[in-house]
Amino acid sequence: MTEIDNTLALSRAGIDTYRQPVVFMREDCHVCRAEGFAALTRIEVTLGDRSVIATLNVLTNGDWLPDDTAALSEEAWAALKPQPGDRASFTHPEPPDSVSAIRAKVYGETLEQQRFDAIIRDVLDHRLSDLDLAAFITACAGDRLSIAETIALTRSMQAAGETLDWGGAEIYDKHCVGGLPGNRTTPIIVSIIAAAGLMIPKTSSRAITSPAGTADTMEVMAPVSLDIPALRRVVEAEGGCIVWGGNLALSPADDVLIRIERPLDFDSDGQLVASVLSKKAAVGAKRVLIDVPVGPTAKVRSAETAAALAERLRAVGKAIGLTLSIHQSDGTAPVGRGIGPALEAQDVLAVLRRNENFPVDLRDRALDIAGALLDLVPETGGAGGRKVAAQLLDSGAAEAKFIAICDAQGGFTEPGEARYHAVITSRTAGRLIAIDNRRIARTAKLAGAPRQQLAGLRLLVQIGDHIEFGKPLFEIHAETLGELEYARSYAEAQLGLCTIEEAN
């Protein structure tokens with residue numbers, strides 16, 4: 001019996017599929033026919049001692065691809081590292097062990113450590129399809145993960161990556177659970193903590209459902225895609241860094257799950273805690289402050305929800321050896337004036353430079369959190385941290401440290417301005433009593449943020465201001481006229497963006 005040739009030559013498709021290995025084959029390819037492959041089939045590609053599980057995309061009009069060749073996405077190409085002339089074999093992979101665990105969770109069963117280990121292992125090996133991952137994320141959403149399960153998931157996620165060892169040095173870190181536009185305190189806090197002589201290797205995420213993540217904002221001013229050796233050099237030289245965690249292998253499973261969470265556009269308390277604390281533990285942190293903004297249009301909307309989240313954070317932190325402090329803050333309105341990477345960067349610099357018109361609320365919030373983090377230093381006795389933080393900011397020491405960190409990461413760049421602007425004005429008069437965080441964030445995203453670094457919006461009013469008819473409320477910034485008009489149309493149709501209490 002003649003053995004079927006299941007090998008194909010390899011070419012580079014030059015397509016970024018964001019951490020998802022993808023293979024492209026023609027539908028008349030002999031391997032595609034012989035193996036019974038169809039669109040979205042999971043296939044195993046083997047080249048020598050390297051292999052990857054990938055998703056198949058079938059070309060119905062594949063004139064650009066020879067019938068004896070498979071094209072690889074950037075992620076698949078990086079995994080296999082083929083050389084010119086290499087041929088790989090294509091087969092059906094063994095069914096992933098963890099599918100039964102995911103199915104059990106969908107039906108409400110409690111999972112133990114070993115089953116979470118299996119799921120995370122299969123996540124990293126790309127053995128689970130996007131549908132499998134979406135089912136897992138959905139099954140864990142809301143309060144469907146117990147605290148014991150959250151601890152197990154956190155340990156699995158940390159163990160799947162590298163944990164940094166700083167040779168016994170005390171490492172500090174902070175995180176905000178999010179949901180508050182413009183809340184870009186991290187660059188200010190890291191600068192203060194590092195200026196105080198402490199070590200704070202801060203890894204941050206890009207935006208998932210917001211107009212900007214800390215990494216997006218920081219990237220406007222300095223490179224953030226550092227590898228671990230570069231991160232170490234920056235921290236050893238300056239005491240701190242602000243880098244993108246997605247370029248590191250500290251909690252790699254989280255980056256895969258985030259890719260699925262982004263289009264689903266929802267968060268789970270259990271997965272949020274596992275994501276945050278696995279990264280804190282992986283970076284080597286021992287003393288961590290978590291900021292939880294609470295407000296009617298923030299991610300955490302009530303004191304009861306905040307208390308439940310704090311309980312889960314403390315339990316998981318204790319279980320994995322972190323000294324954790326929870327800081328509950330005001331989440332009723334955006335922070336600062338800018339919403340979007342470059343606009344938020346301008347606010348950060350205004351605070352660090354002590355400019356005359358700096359956003360007071362951003363400065364105060366950053367000092368509150370930096371002070372609470374300094375209070376975790378054993379020698380302080382848990383008091384006086386905010387005063388020290390203010391001194392470091394007011395003296396210019398924090399600004400100098402921030403520029404030094406930027407230079408160590410690759411060089412400082414001044415934020416630019418978007419090409420097009422449009423001002424949204426008030427249709428009534430009275431006192432501004434509320435700003436809808438979610439609608440304001442959506443307006444900034446429609447303007448192009450964070451994909452377009454200069455896009456977003458700038459708030460021109462604050463809660464409590466007296467508003468006259470026709471007064472400017474905020475200014476939309478965009479890089480294209482189409483995005484500007486789209487965001488403006490949305491803003492003008494959303495009367496609840498800014499709530500104005502009319503005078504009697």
Side-chain angles (χ1 to χ4, degrees), residues 16 18-20 75 78 120 123-124 137 153-166 171-178 183-187 189-191 193-194 199-210 212-236 238-262 267 271-286 288-291 313 316-317 320 322 341 344-345 405-406 408-410 450 453:
D16 181 3
Y18 189 66
R19 299 188 176 277
Q20 182 184 24
E75 184 77 11
I120 297 303
V123 165
L124 292 180
I137 290 166
L153 177 58
T154 305
R155 285 174 169 157
S156 296
M157 291 174 68
Q158 181 193 354
E162 183 176 348
T163 296
L164 298 184
D165 182 356
W166 298 95
I171 302 299
Y172 293 77
D173 207 343
K174 59 81 60 178
H175 180 81
C176 176
V177 302
N183 188 25
R184 206 52 59 215
T185 59
T186 292
I189 294 165
V190 169
S191 302
I193 299 302
M199 293 181 71
I200 179 165
K202 184 73 180 77
T203 64
S204 298
S205 62
R206 298 192 185 277
I208 300 175
T209 60
S210 68
T214 296
D216 301 309
T217 297
M218 186 64 187
E219 192 170 42
V220 173
M221 299 177 283
V224 296
S225 296
L226 277 62
D227 57 19
I228 288 177
L231 179 151
R232 282 190 178 279
R233 287 195 296 271
V234 174
V235 175
E236 287 168 358
E238 301 299 339
C241 67
I242 305 122
V243 302
W244 176 46
N247 204 48
L248 308 168
L250 298 179
S251 185
D254 187 52
D255 299 315
V256 179
L257 296 177
I258 283 173
R259 179 176 62 82
I260 304 300
E261 288 174 346
R262 183 179 285 113
D267 293 293
Q271 287 181 330
L272 182 153
V273 170
S275 169
V276 171
L277 296 189
S278 66
K279 289 179 177 179
K280 301 307 163 194
V283 83
K286 292 299 180 185
V288 179
L289 184 135
I290 307 293
D291 178 30
L313 282 163
V316 177
I320 64 173
L322 300 181
E344 293 175 19
I405 289 171
C406 289
Q409 288 185 199
Q453 288 186 331

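Both backbone and side-chain heavy atoms feed into the values below; hydrogens, waters and symmetry mates do not. FYI, the numbering just counts along the sequence from 1. Remember, it's a predicted structure, so these values are computed and weren't measured experimentally.
Once rounded to the nearest 0.5 Å, the distance linking CD of E219 with CD of Q453 reads 5.5 Å. We find the NE2-CG distance between H175 and L313 to be 9.0 Å, quoted to the nearest 0.5 Å. Atom OG1 of T214 is separated from atom CH2 of W244 by 14.5 Å, given to the nearest 0.5 angstrom. In this structure, the separation between OG on S191 and CD1 on I405 is 5.0 Å, given to the nearest 0.5 Å.
Considering only heavy atoms from C-beta on, T163 stays 4.5 Å or farther from V283 through its side chain. Between Q20 and R259, some side-chain heavy-atom pair lies under the 4.5 Å cut-off. When side chains are defined from C-beta on, L248 counts as touching V243, because their heavy atoms get closer than 4.5 Å. Within the 4.5 Å cutoff, side-chain heavy atoms of L277 are placed close to those of I320. Side-chain contact between M199 and W166 is present, with at least one heavy-atom pair separated by less than 4.5 Å. At least one side-chain heavy atom of I228 sits less than 4.5 Å from a side-chain heavy atom of E162. Side-chain contact check for R232 versus L164: some heavy-atom pair is nearer than 4.5 Å.
Not counting sequence neighbours, the partners of S156 by the side-chain contact (heavy atoms from CB on, under 4.5 Å) test are Q113, F116, D117, I120. Evaluation of the salt bridge (Lys or Arg N to Asp or Glu O under 4.0 Å) rule for K202 yields no partner, not counting sequence neighbours. Taking the side chain to side chain donor-acceptor pair (under 3.5 Å) definition, one finds that S278 meets it with S251, sequence neighbours left out.
Counting all heavy atoms, side chain and backbone alike, P201 lies closest to L231 at CB-CD2, 4.3 Å. Closest approach of G284 and I171 over heavy atoms only: O-CB, 3.4 Å. Closest non-hydrogen pair, C176 versus N183, comes out as SG-ND2, 3.4 Å. Summarising the geometry of P252 relative to G161, their closest heavy-atom pair is CD-CA, 3.6 Å, with the distance given to 0.1 Å. Minimum heavy-atom separation, T186 to I242: CG2-CG2, 4.4 Å. Heavy atoms only, all atoms of each residue included: A408 and E238 are closest at CB-CG, 4.1 Å.
Classification of D254 and K279 as a salt-bridged pair holds, one side-chain N sitting under 4.0 Å from a carboxylate O.
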Review point. Passes side chain to side chain contact (heavy atoms under 4.5 Å, CB included), L250 versus T203? Steps please.
Key: CA-CA 10 Å; L250 298 179; T203 64; 4.1 Å; yes
Practice item. Quick one: do V224 and R206 satisfy side chain to side chain contact (heavy atoms under 4.5 Å, CB included)? Show the steps, please. Key: CA-CA 10 Å; V224 296; R206 298 192 185 277; 4.0 Å; yes
Review point. Is there a side chain to side chain contact (heavy atoms under 4.5 Å, CB included) between L226 and Q409 once you walk through the steps?
Key: CA-CA 8 Å; L226 277 62; Q409 288 185 199; 4.0 Å; yes
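Listed for the R184 side chain is no donor-acceptor partner under 3.5 Å among the backbone atoms of P341. D216 contributes a side-chain N or O that, together with a main-chain N or O of A207, makes up a donor-acceptor pair within less than 3.5 Å. Not a single donor-acceptor pair under 3.5 Å links the side chain of K174 to the backbone N or O of I200.
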